[in-house]
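Lettering of chains follows the sequences in order, A, B, ..., and the numbering in each one begins at 1.
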Number of protein chains: 2
Amino acid sequence: MIARQGVRGLRVADLAAEAGVSTGLVYYHFKDRPGLLRQALAFIGDRADRYTLAADEQAPPGPAESAGPRQALERMLLLEFQDLPEVRENSTAWGELRAHSVFDPELREDLAAAGAAWTAEVADHLVALHPEAPAPAVTAAAERLTALLEGLSVRWLSGLIPLEHARELLRTAVGVETGRLGCPGEAN
Amino acid sequence: MIARQGVRGLRVADLAAEAGVSTGLVYYHFKDRPGLLRQALAFIGDRADRYTLAADEQAPPGPAESAGPRQALERMLLLEFQDLPEVRENSTAWGELRAHSVFDPELREDLAAAGAAWTAEVADHLVALHPEAPAPAVTAAAERLTALLEGLSVRWLSGLIPLEHARELLRTAVGVETGRLGCPGEAN
DNA sequence: GTCTATAAAGCGATAGAC
DNA sequence: GTCTATCGCTTTATAGAC
């Protein structure tokens with residue numbers, strides 16, 4: 001429901017109706033509105049982990065074709081840009097909770113933890129691709145890629161750019177960033 | 001007030017109180033809530049143009065020192081990452097209206113127009129830096145830089161990363177992107 | 001655990017006087 | 001142009017029965 005109407009548009013009564021229960025029961029289980037949002041964020045995180053793992057397992061179709069670390073990184077990032085209900089829901093709700101945290105500190109810690117884990121995963125892929133690159137440069141590249149992904153995500157979800165355009169820009173960004181890490185000439 | 005409490009937290013009564021007028025007068029001038037938001041977006045755009053122009057005028061301090069197009073681009077992008085009330089307000093409100101448009105199509109056209117103008121300005125700087133680069137590559141680079149800026153902006157404003165870190169990541173991104181455009185070997 | 005009923009407050013918008 | 005007063009609806013949260 002957060003993905004459909006946003007945090008601001010989430011009504012406890014609507015939620016209860018859709019769940020087929022009473023509002024009282026919702027408060028019984030989640031305590032209050034912030035508790036509801038906290039559980040929603042946890043749910044989103046679990047679900048993202050789930051489909052990330054699922055993609056990893058069924059990822060290498062050909063035995064050894066196109067199975068480079070660069071492709072693995074691209075594939076992982078592009079997971080967030082799919083027009084599947086589950087993915088779109090997750091991206092929308094995640095972005096909304098992030099945007100909401102600008103004005104409500106409530107969920108910041110949880111968001112920071114999830115974001116750090118996510119950045120670390122991207123950094124792992126970058127290290128696999130460029131083992132010789134200095135750690136700070138890798139971290140910075142991972143942060144730029146994830147921040148770019150979030151920026152593109154909002155544009156996609158608000159209809160400002162089409163899905164394929166977002167995917168294309170992200171793909172080229174991976175190329176730009178990984179090309180950069182491979183060039184030892186420039187600092188940082 | 002949007003920068004302080006978000007679109008979702010904006011109350012017409014509060015707005016009227018802060019303006020020292022009645023709620024009735026607010027409706028008289030802005031028609032309704034959406035009208036209020038539309039005017040706010042216009043105000044933000046005008047104000048951004050204002051301080052961008054002001055920065056351009058007082059930008060080159062030394063006669064010809066450090067006045068490269070690369071520095072001009074960096075300076076322009078970094079304008080959005082300053083801890084001045086006016087800038088922070090503008091960034092916060094802009095980000096909030098953008099995030100809000102994911103669920104409310106109302107302001108999408110205005111946002112798209114403003115975003116396109118903004119991307120074109122960045123592209124102009126890139127062309128000045130790399131006149132030989134193909135137009136699609138320049139446009140894509142400009143879109144990546146502005147999308148990254150928006151992603152970093154949310155992280156900064158929600159306290160996930162400090163201001164200086166956002167500035168540093170943006171600076172290096174400019175380096176990565178402009179370095180890329182200067183390399184004619186790779187397509188796109 | 002679950003429901004009904006309702007308190008209590010908030011909020012967008014309008015009417016009508018001046 | 002501006003204000004006061006208020007309608008009418010929505011929403012969070014709780015009380016208390018079952």
Can you pull out every salt bridge (charged side-chain N to carboxylate O under 4.0 Å, His left out) where at least one residue sits in residues 105-115 of chain A? Sequence neighbours excluded, please. A:R38-A:E106, A:R38-A:D110
OP1 or OP2 of D:dG1 less than 4.0 angstrom from a side-chain nitrogen or oxygen of B:Y28, does that happen here? yes
Between C1' on C:dC11 and CZ on A:R8, what's the gap in Å once rounded to a whole number? 17 Å
The side-chain hydrogen bond (donor to acceptor under 3.5 Å, both in side chains) partners of A:H29 (sequence neighbours excluded) come to none
Which pairs of donor and acceptor atoms, one on a side chain in residues 3-10 of chain A, lie under 3.5 Å apart (sequence neighbours left out)?
residue : atom : partner : partner atom : Å
A:R4    : NH2  : A:E18   : OE1          : 2.8
A:R4    : NH2  : A:E18   : OE2          : 3.1
A:R8    : NE   : A:E96   : OE2          : 3.4
A:R8    : NH1  : B:E96   : OE2          : 3.4
A:R8    : NH2  : A:E96   : OE1          : 3.0
A:R8    : NH2  : A:E96   : OE2          : 3.4

What does the B/S/- profile of nucleotides 4-18 of chain D look like, 5' to 3', with a 4.0 Å heavy-atom cutoff to protein? BB-----SSBB----
Tell me: CZ of A:F30 to P of C:dG1, nearest whole Å? 12 Å
Please, which pairs that meet salt bridge (charged side-chain N to carboxylate O under 4.0 Å, His left out) have at least one residue in residues 39-52 of chain B, sequence neighbours excluded? B:R47-B:E86, B:R47-B:E89
Ring pair (Phe, Tyr, Trp, His ring centres under 6.0 Å): which pairs involve residues 83-114 of chain B, sequence neighbours left out? none
